[in-house]
Amino acid sequence: MSEKLQVPRGTYDVLPQDADTRVALEATARRILEGAGYRRIETPTFERTEVFARGVGASTDIVQKEMYTFDDGGGRSVTLRPEGTAPICRAYAEHGMHKLPQPVKLWYLSSFFRSEKPQQGRYRQFWQIGAEALGSDDPAVDAELIVLLATLLSELEVGRVRLRVGSLGTLDARHAYRERLQAHLRDNADRLSEDVRSRIELNPLRAFDSDHAGTRAVMAEAPLLLDQLDRADAEHFAAVRELLLRAGVEHEVDPTLVRGLDYYTRTVFEFESGKLSAQNAVGGGGRYDGLVEMLGGPATPGCGWAAGIERILLASDGLPVAPAPVDLYVAFGGAQQRRAAFALADEARRARMNAQIELAGRSLKGQLKHADRIGARYVAIVDDETTVLKDMQTGEQFEVDAAGVVARILRERGMR
RNA sequence: GUGGGCGUAGCUCAGCUGGUAGAGCUCCUGGUUGUGGUCCAGGCGGUCGCGGGUUCAAGUCCCGUCGCUCACCCCA
């Protein structure tokens, strides 16, 4: 025998018992988001590498070391999508969606790809539910999106959820702040951890997340972006918070909340679950007012979030899901009854019943056993002359006309 | 990329100080010249991740390698 093949590192099969749960999760997301006017969008699984290099930001870990990039055979560099927002902004610009009524509200459930070392809640191919609203900078857009995600997580019974919000200001303000922060870090470079020091030029905001003692001391004196927002940004942030409070969405302001993608402006937020271990972010997002323009479209404000399916599943208490009930199982004794049995199963299905037929050549005992295991409500045992219909709950059985089996079941159910 | 733990039947695992593989569950058959859920019996199923080494002998020791997993990092 040749070598047994396995899924590639960091990927997994969704087996039937897991698929049911995911379908339920998708149905819930769909109900909540479409109810609020968000419409489904699907973009290609891979894009021109440029979309992410420009959109996500060249200095990010995602672009620097986590993308699956390859030549498409025609000398073009393409990349398996590592996230969903940049492709949607590309689509917005490409299809002239700025001519539609604004904001354009979209949602997706797709898989994404990052070449990271896998661990709990982190895969190389992973699934996200996301929502984006493009074309309005109204703080109600930010608040609505956050409330929708909070609702979704709540309905999916994700346990011990905590929401942190912050604001990064405009790209200009963020840029100016970045330089001020870099200056502060350089002035105190000798007290910083090595990796923070080496990232001063690349990504100074990361320094806030360090747990290195010296670094923390330096960061305690560091200027905070939140304190230096310009008037419009500060008002925007205050309005978002006000709306969240009105909606009863508890949150805490985190002035050091940093998202690892370069396109964020103004509002950023993150939901984490205490039920998760290292990878505790279950969903997050923010505003990205310059992104569409960066990808060649008109200047367009936007805001959105993404939530990880695997992490929701890990942190969820609920999501009870059963496979489809079986109304009728058609059993038969020998090959000579197969045609009649097949016809009966077909007839039952046409009558909208969930019907299954014996397909493995089991003994009659084995067939009944199997019917019991899959939870069949009725079993029809097809014989040459007669057909016996058995009620698997009561154990009762009656001889019926083969032609009358379906009608009989429908009548029995009606009586209940 | 850096560390720790682990890799024995489809699944969960047992195999002490080395002597050439077991259990439970699942699945199938029989116990009723065709009728389930309990019970009983039997059967299917493993090159003990892979490669090398030590040894008369390795699942068991050593080295390497691959994979899984957890953490760092990063993120959903």
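Sequence lines set the chain letters: A, B, ... in the order given, protein chains first and strands last, and positions in each chain run from 1.
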**Request:** Please confirm whether any donor atom in the side chain of A:K65 sits under 3.5 Å from an acceptor in the base of B:G1, or the reverse.
**Result:** no

**Asked** Taking the nucleotide of RNA chain B with the closest heavy atom to each, which residue, A:Y123 or A:P8, is nearer the 5' end?
**Response** A:P8

**Asked** With a 4.0 Å cut-off on heavy atoms, is A:Q397 in touch with a base, just the backbone sugar-phosphate, or nothing at all?
**Response** base

**Request:** Could you check which of B:C73, B:U69, B:G36 has an atom nearest any side-chain atom of A:R122?
**Result:** B:C73

**Asked** Is there aromatic stacking of A:F126 against B:A76, centre distance under 5.5 Å, plane angle under 30°?
**Response** yes

**Request:** Applying side-chain contact (heavy atoms from CB on, under 4.5 Å), name anything that partners A:Q356, two or more places apart in sequence or on another chain.
**Result:** A:V326, A:Y329, A:I374

**Message:** Regarding A:G285, tell me which of base, sugar-phosphate or nothing describes its non-hydrogen contacts under 4.0 Å with the strands shown.
**Reply:** nothing

**Prompt:** Tell me, what's RNA chain B's dot-bracket, Watson-Crick or G-U with both distances under 3.5 Å, | for other-strand, [ ] crossing?
**Reply:** (((((((..((((........)))).(((((.......))))).....(((((.......))))))))))))....

**Asked** Between the base of B:C66 and the side chain of A:R9, is there any donor-acceptor pair under 3.5 Å?
**Response** no

**Message:** Please give the distance between the C1' atoms of B:C13 and B:C28 as a whole number of Å.
**Reply:** 23 Å

**Fill in**
Whole-Å distance, A:E132 CD to B:A76 P, equals 11 Å

**Message:** Please enumerate all residues that pass side-chain contact (heavy atoms from CB on, under 4.5 Å) together with A:E155, with sequence neighbours excluded.
**Reply:** A:T28, A:R31, A:I32, A:T151

**Message:** When you measure from the side-chain N and O atoms of A:Q119 to the phosphate of B:U69, is any distance below 4.0 Å, counting only OP1 and OP2?
**Reply:** no

**Asked** For the side chain of A:D61, counting heavy atoms from C-beta on, which of B:C68, B:C73, B:G36 is nearest?
**Response** B:C73

**Message:** Using the P atom as the point on both nucleotides, what is the distance between B:U8 and B:G49, in whole Å?
**Reply:** 6 Å

**Message:** Could you check B:G37 for me: syn (within 90° of 0) or anti?
**Reply:** anti

**Asked** Taking the C1' atom of each, how far is B:C74 from B:G22, in whole Å?
**Response** 45 Å

**Message:** I'd like to check the ring pair (Phe, Tyr, Trp, His ring centres under 6.0 Å) partners of A:Y12; sequence neighbours left out, ordered by chain and number.
**Reply:** A:Y123

Pairs: protein N or O with nucleotides 27-31 of chain B N or O, under 3.5 Å:
from	atom 1	to	atom 2	distance (Å)
B:C27	OP1	A:R373	NE	3.1
B:C27	OP1	A:R373	NH1	2.7
B:C27	OP2	A:R373	NH1	3.1
B:C27	OP2	A:R373	NH2	3.0
B:C28	OP1	A:R362	NH1	2.6
B:C28	OP2	A:R373	NH1	3.4
B:U29	OP1	A:S363	N	2.7
B:U29	OP1	A:S363	OG	3.4
B:G30	OP2	A:S363	OG	3.1
B:G31	N7	A:K365	NZ	2.8
B:G31	O6	A:K365	NZ	2.7

**Asked** Under the side-chain contact (heavy atoms from CB on, under 4.5 Å) test, which residues partner A:D187, sequence neighbours left out?
**Response** none

**Prompt:** Within 45° of the ring axis of A:W127 and under 6.0 Å from its six-membered ring centre, is that where the NZ or CZ of A:R311 lies?
**Reply:** no

**Message:** According to side chain to side chain donor-acceptor pair (under 3.5 Å), who are the partners of A:E242, at least two apart in sequence or on a separate chain?
**Reply:** A:R246

**Residue list, ring pair (Phe, Tyr, Trp, His ring centres under 6.0 Å) with A:Y263, at least two apart or on another chain** = A:Y288

**Fill in**
Sorted by chain and residue number, the side-chain contact (heavy atoms from CB on, under 4.5 Å) partners of A:D18 (sequence neighbours excluded) come out as A:V14, A:L15

**Asked** Are OP1 or OP2 of B:C74 and a side-chain N or O of A:R114 less than 4.0 angstrom apart?
**Response** no

**Item:** Summary of salt bridge (Lys or Arg N to Asp or Glu O under 4.0 Å) pairs that have at least one residue in residues 335-348 of chain A, sequence neighbours excluded
**Value:** A:D346-A:R350

**Request:** Ignoring hydrogens and angles, tell me if any N or O in the side chain of A:R81 forms a donor-acceptor pair with the backbone of A:T43 under 3.5 Å.
**Result:** yes

**Prompt:** Is A:E42 salt-bridged to A:R40, cutoff N-O under 4.0 Å?
**Reply:** yes

**Message:** Considering every strand and a 4.0 Å limit on heavy-atom distances, what is the contact class for A:G121: base, sugar-phosphate, or nothing?
**Reply:** base

**Message:** Measuring only the P atom in each nucleotide, how far is B:U65 from B:G1? A whole number of Å is fine.
**Reply:** 13 Å

**Message:** Counting the atoms with a prime plus P, OP1 and OP2 as sugar-phosphate, which does A:A371 contact under 4.0 Å by heavy atoms, base, sugar-phosphate, or nothing?
**Reply:** nothing

**Prompt:** Is it true that A:E252 and A:R162 make a salt bridge, defined as a side-chain N closer than 4.0 Å to a carboxylate O?
**Reply:** yes

**Message:** Once you apply a heavy-atom cut-off of 4.0 Å, does A:L261 come out as touching a base, just sugar-phosphate, or nothing?
**Reply:** sugar-phosphate

**Prompt:** Taking atom P in both B:G7 and B:C73, what distance in whole Å separates the two?
**Reply:** 28 Å

**Asked** P atom, B:A9 versus B:G46: distance in rounded Å?
**Response** 10 Å

Set out, line by line, the N/O atom pairs under 3.5 Å between protein and nucleotides 2-5 of chain B.
from	atom 1	to	atom 2	distance (Å)
B:U2	O4	A:K117	NZ	2.8

**Message:** Could you tell me how far B:C56 sits from B:G18 if I compare only their P atoms? Round to whole Å.
**Reply:** 15 Å

**Prompt:** Distance between the P atoms of B:G24 and B:G67, in whole angstroms?
**Reply:** 35 Å

**Message:** Just to verify, what does A:Y108 make a ring pair (Phe, Tyr, Trp, His ring centres under 6.0 Å) with, not counting sequence neighbours?
**Reply:** A:F112

**Message:** Just N and O in the side chain of A:Q120: are any of them under 4.0 Å from OP1 or OP2 of B:C70?
**Reply:** yes

